Every structure is written in structure tokens, then in C-alpha cells.
Amino acid sequence: MIKLNDKKECCGCSACEQVCPVHAIKMVPDEEGFLYPITDTNVCVECHLCERTCPIKNTESVSQELDKVYICQNKYKDIRKESTSGGFFTVLAKYVLAQNGVVFGAAYDNELNVIHDYAEDEKALARFRGSKYAQSNLQRSFSTIKNLLKDNRWVLFTGTPCQTEGLIKYLNKQYERLIIMDIACYGVASPLAYKSYIDNFLQSKKLDKTEISTIKFRDKSKYGYEYSQFSVYDKSGKRIMASGAESCRLLRGFVANDITRPACYDCCFKKKHRISDFTVWDCFNVYKYSREMDDNIGTSHVMVHSQKGNEIFHEIKNDLVWKSVDSELAIGSEPSLTVSSVPGKNRNSFLKELNSANNPKTWKKFYPDSVKVKTERMLRKTLSRLGLYGRIKRFIKDKKGGSKKFNRGR
């Protein structure tokens with residue numbers, strides 16, 4: 001039986017719920033909106049399968065023969081503009097679909113909740129493009145994947161490192177037709193905070209969720225890749241909200257680590273060598289590798305871990321603009337690959353107040369539109385219009401020797 005002494009012991013992957021043979025476990029949201037397993041002791045048969053499946057309780061050291069890193073761009077600029085970074089996910093997904101396969105990724109449901117869903121055609125891939133900074137509900141994804149693999153179908157699963165390891169523990173078997181891609185994850189944000197922010201916005205605009213077509217956490221349509229915005233679009237395709245990371249209160253809470261899951265503060269999946277086939281993350285320092293690829297539309301770092309991943313990469317590389325890069329330099333550009341988040345100073349107080357009040361005043365109290373925020377917003381927009389923002393941002397990054405960590409994606 002799964003027993004949690006500390007919430008840091010659960011990443012919310014739902015592997016325990018889905019593996020339970022008698023359906024004694026249910027994933028239930030806590031007061032912060034994160035899902036945790038609750039066991040019905042009257043149903044549980046004490047088989048301990050849930051404990052053996054938990055990826056946190058059964059972490060393994062990984063030694064990979066391959067850790068090749070490439071920088072990649074989808075050859076179609078329209079796809080790159082819709083993607084968080086370089087659009088590698090779409091190329092990989094199209095490869096799987098061409099094998100009569102199925103692609104799993106994070107998407108929005110009809111209520112704008114972040115869930116994991118699947119697609120069997122290219123048109124549906126658009127739902128999975130772009131990062132969603134709220135922890136997705138995996139629902140019955142793992143059991144669905146297992147059935148698909150039993151039917152000899154190809155499957156691509158994309159998710160956070162804890163979700164991918166949860167899937168592998170759940171399956172407890174190697175499948176040649178399973179491809180796994182994880183993302184460099186800074187941490188997963190509270191679904192409660194996400195829902196609160198969206199609901200308050202819709203109420204302020206007197207809009208219903210059915211009137212929204214999509215939400216983009218990293219919208220590149222106005223200022224490009226170097227200064228993406230949080231945007232909301234209505235059904236007509238009109239952008240009804242656009243806010244930079246310095247202004248959007250939801251992103252400010254995320255960057256400050258105020259809305260992050262407890263397990264993310266001591267993440268056991270932060271490691272260079274992974275059991276996935278691919279790991280992807282942003283390539284904001286593309287200028288260090290290639291002037292030709294530095295076009296402010298987006299570039300992905302892609303690390304290949306397995307021989308299967310290596311073979312697939314070389315099958316799809318003709319659909320990419322790509323270049324092999326030094327792995328140590330690439331890994332060094334993204335601290336979140338190996339370093340856990342640190343709790344924000346307002347973490348507990350903000351989520352507690354949000355749970356009890358859930359109104360715009362809570363957001364404004366903790367993340368005020370201060371003179372500093374207004375000044376930064378004005379500078380970013382002005383410098384972006386003048387074409388100087390990227391240069392100054394690079395200069396600051398190179399001086400600090402790091403990168404802004406809230407930007408993640410595909």
C-alpha cells in the first residue's frame with residue numbers, strides 16, 4: 001500500500017493508480033491542487049505492486065552508451081512559430097504517425113484543464129505543441145499505452161522526466177515500438193494556481209471557457225523566441241491577452257517557485273543520463289553554435305540517449321536543420337537538467353491564501369504591478385521593437401554564465 005510520510009515522496013505520475021489490479025487507488029487533488037494517491041483500505045489486497053511501481057521509491061542509476069546532443073529546427077517555419085522552441089517534437093511525432101502509431105502529449109481539454117491525451121493524425125498534433133506550465137493529469141494514459149503496445153502499435157510518449165519514468169515502471173517491460181521523449185523540467189506548477197488565474201481572467205473579460213480556442217505560455221507571434229509572451233486566443237483567432245514573463249502573474253509565480261510541486265524541490269529525476277530515448281530543451285544560446293540558425297524563431301537542444309533514439313534521429317534528420325554540438329556545453333546551458341528548484345519565499349502562504357480566497361486580489365497582493373515590473377516591461381518591449389533585446393539578453397546571460405530557467409519546451 002502506498003503511504004506518504006512527506007509530499008515530496010510523490011511526483012503525481014499516477015503509475016500506482018493505474019497499476020493497481022483492484023482499483024483501490026485514486027488520484028485526488030490536495031489543497032494546493034496537486035494529485036496524490038489515496039488508497040481504499042477496504043479494497044486493497046496488499047499486493048504491494050503500487051510500491052514496486054513507484055518511480056521515486058524505485059529510482060535506478062542509468063548508464064547510457066549514448067548522450068549525443070544536437071541543436072535542431074523544424075524545416076517548416078510555421079511549425080516552429082507554433083512550437084515552444086525548435087519544433088523537434090512535431091518531426092518525431094510525424095515519424096510515429098507514419099508507422100500507424102499513436103502520439104501522447106499534454107493538451108487542453110474542453111474546460112481548459114491540462115491533461116495528457118493522444119493523437120492518431122497530424123492535424124491533432126497542434127494540441128500538443130507548446131509548453132503548458134501546469135502539471136498535466138495523465139488520466140488512463142499508461143494503461144492505454146500498454147494496450148496499444150500489445151496490439152503492436154508504435155507509441156510516442158512525451159512528458160516530464162517523472163512522468164516518463166512512471167510509465168516505464170508501470171510497463172515493467174521493454175517495447176521496441178515505444179519511443180519516449182522527456183523535457184528539461186524546471187518543475188511542475190499547481191493546477192489550482194493555473195485554474196485560478198485563468199478563471200479570474202475570464203471573469204474580468206466576462207468570457208466563458210467555450211469562447212477560448214487556446215492558451216499559449218510561450219507565444220512568439222509578436223516579439224519572437226527571445227521574448228515570448230503568455231497569450232490567450234478566442235475562437236475567432238483574436239489574441240485577447242498578451243503578457244510578458246515579467247508581467248504575467250502566473251508566470252511570475254512559476255519563476256519564483258511559489259506554485260511548484262513539493263517533490264520538485266528534491267527531484268530524483270534530475271540527471272544527465274536518462275532512460276528516455278530523447279531529452280529536449282531550449283537553445284537560447286544558438287548564437288554560440290550557429291549564426292545561420294540564429295533567427296529568433298526557435299531552436300531545440302536534443303539529447304539522444306539510446307541506440308533506438310539514435311537510429312530514429314538519423315531517419316528523421318532530413319526534416320530538420322540540425323548540427324551536432326558539444327554535450328557538456330549544451331548541458332551546462334540548462335541548469336534544470338541536473339539541479340532541483342528551490343522553494344520560493346511566498347510558496348506556502350500564497351497557495352494557502354489562494355485555496356481559501358481564490359480571487360484577483362490574492363494574485364495582486366503577492367505579485368503587484370510595481371514600478372520595477374512596469375519599467376522592465378517597458379524596456380523589454382522597447383528593446384524588442386528596436387531589435388536590441390536579444391543582444392542585451394545574451395550579454396547578461398554570458399556574464400552570469402546561465403540562462404533564464406522558466407523557459408522550457410519542445
Side-chain angles (χ1 to χ4, degrees), residues 9-16 18-19 49-70 88-89 92-93 95-96 101-106 116 135-136 138 141-146 148-150 153-188 261 263-264 266-281 300-314 316 327-328 330-331 334 336-340 408 410:
E9 296 175 356
C10 177
C11 61
C13 73
S14 79
C16 58
Q18 297 190 58
V19 82
L49 187 57
C50 56
E51 297 167 33
R52 296 195 298 271
T53 303
C54 175
I56 288 183
K57 292 181 180 294
N58 300 278
T59 55
E60 297 178 7
S61 59
V62 182
S63 178
Q64 295 281 11
E65 295 179 4
L66 292 172
D67 273 317
K68 295 181 179 178
V69 182
Y70 304 91
F88 175 79
F89 159 77
L92 183 58
Y95 170 84
V96 172
V102 183
V103 176
F104 285 75
H116 251 70
Q135 185 166 29
S136 63
L138 284 158
S141 294
F142 292 178
S143 56
T144 303
I145 289 171
K146 187 174 184 177
L148 288 166
L149 292 169
K150 284 182 177 179
R153 300 282 298 275
W154 281 84
V155 174
L156 167 62
F157 179 82
T158 63
T160 60
C162 57
Q163 290 174 334
T164 59
E165 293 214 21
L167 171 62
I168 290 169
K169 290 293 184 183
Y170 168 84
L171 294 173
N172 195 31
K173 179 182 176 180
Q174 295 292 324
Y175 288 90
E176 185 58 34
R177 294 194 171 190
L178 173 64
I179 303 170
I180 295 179
M181 184 183 87
D182 66 46
I183 59 173
C185 178
Y186 180 47
V188 292
R261 189 178 182 103
C264 300
D266 189 19
C267 178
C268 58
F269 309 105
K270 298 280 187 179
K271 50 194 175 186
K272 173 183 174 181
H273 304 295
R274 305 190 177 196
I275 56 179
S276 58
D277 299 298
F278 301 96
T279 297
V280 296
W281 68 97
S300 302
H301 277 109
V302 177
M303 179 179 281
V304 181
H305 298 290
S306 66
Q307 187 57 44
K308 176 169 59 178
N310 185 56
E311 291 171 3
I312 291 172
F313 181 85
H314 286 285
I316 65 176
S327 62
E328 294 305 319
I331 293 168
E334 185 45 82
S336 69
L337 283 167
T338 55
V339 181
S340 295
R408 301 285 164 269
R410 305 171 189 138

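All figures in this text were calculated on a predicted structure; none of them were measured in a lab.
A search for side-chain contact (heavy atoms from CB on, under 4.5 Å) contacts involving Asn172 returns nothing, not counting sequence neighbours. By the side-chain hydrogen bond (donor to acceptor under 3.5 Å, both in side chains) test, Thr279 is found to be paired with Asp182, His305, residues two or more places apart in sequence or in another chain being considered. Partners of Phe278 by ring-ring contact (aromatic ring centres under 6.0 Å, His included), not counting sequence neighbours, listed by chain and number: Phe88. Residues passing the side-chain hydrogen bond (donor to acceptor under 3.5 Å, both in side chains) test with Glu51, sequence neighbours excluded: His48. The side-chain hydrogen bond (donor to acceptor under 3.5 Å, both in side chains) test applied to Lys272 returns Glu328, not counting sequence neighbours. Not counting sequence neighbours, the partners of Thr160 by the side-chain hydrogen bond (donor to acceptor under 3.5 Å, both in side chains) test are Gln163.
Of all heavy-atom pairs spanning Ile331 and Met303, the tightest one is CD1-CE, 3.2 Å. Between Thr158 and His116, the shortest heavy-atom contact is O-NE2, 2.8 Å. In this structure, Gly166 and Pro55 approach most closely via the heavy-atom pair CA-CG, 3.9 Å. Nearest heavy atoms, Leu156 versus Ala93: CD2-CA, 3.7 Å. Across all non-hydrogen atoms, the minimal contact from Phe142 to Cys13 is CE1-O, 3.6 Å. Heavy-atom minimum distance, Cys11 versus Ala263: CA-CB, 4.1 Å.
The closest side-chain heavy-atom distance from Ser143 to Tyr170 is below 4.5 Å. Taking the side chain as every heavy atom from C-beta outward, Val96 and Phe104 never approach each other to under 4.5 Å. The side-chain heavy atoms of Glu334 and His301, taken from C-beta on, include no pair separated by under 4.5 Å.
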Test side-chain contact (heavy atoms from CB on, under 4.5 Å) applied to Trp281 and Val69, step by step
CA-CA 11 Å; Trp281 68 97; Val69 182; 4.3 Å; yes
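The line from OH of Tyr186 to SG of Cys264 is 10.5 Å long, rounded to the nearest 0.5 Å. Taken to the nearest 0.5 Å, the CZ atom of Phe89 stands 11.5 Å off from the CD1 atom of Ile183. Distance CG/Asn310 to CG/Asp67: 11.5 Å, rounded to 0.5 Å. Note that CD1 of Ile179 is 10.5 Å distant from CZ of Arg177, once rounded to the nearest 0.5 Å. Atom CD1 of Ile180 is separated from atom CD1 of Ile275 by 6.5 Å, given to the nearest 0.5 angstrom. Rounding to the nearest 0.5 Å gives a distance of 7.5 Å between CD1 of Ile56 and SG of Cys267.
Test Lys271, Lys57, Arg274, Lys270 against Glu165 for salt bridge (charged side-chain N to carboxylate O under 4.0 Å, His left out) and you get one pass: Lys271.
For the residue pair Asp277/Ser306, the side-chain donor-acceptor check at 3.5 Å is satisfied.
Between Phe313 and Tyr70, the ring planes lie parallel to each other; the angle is under 30°, not in the 30° to 60° tilted range.
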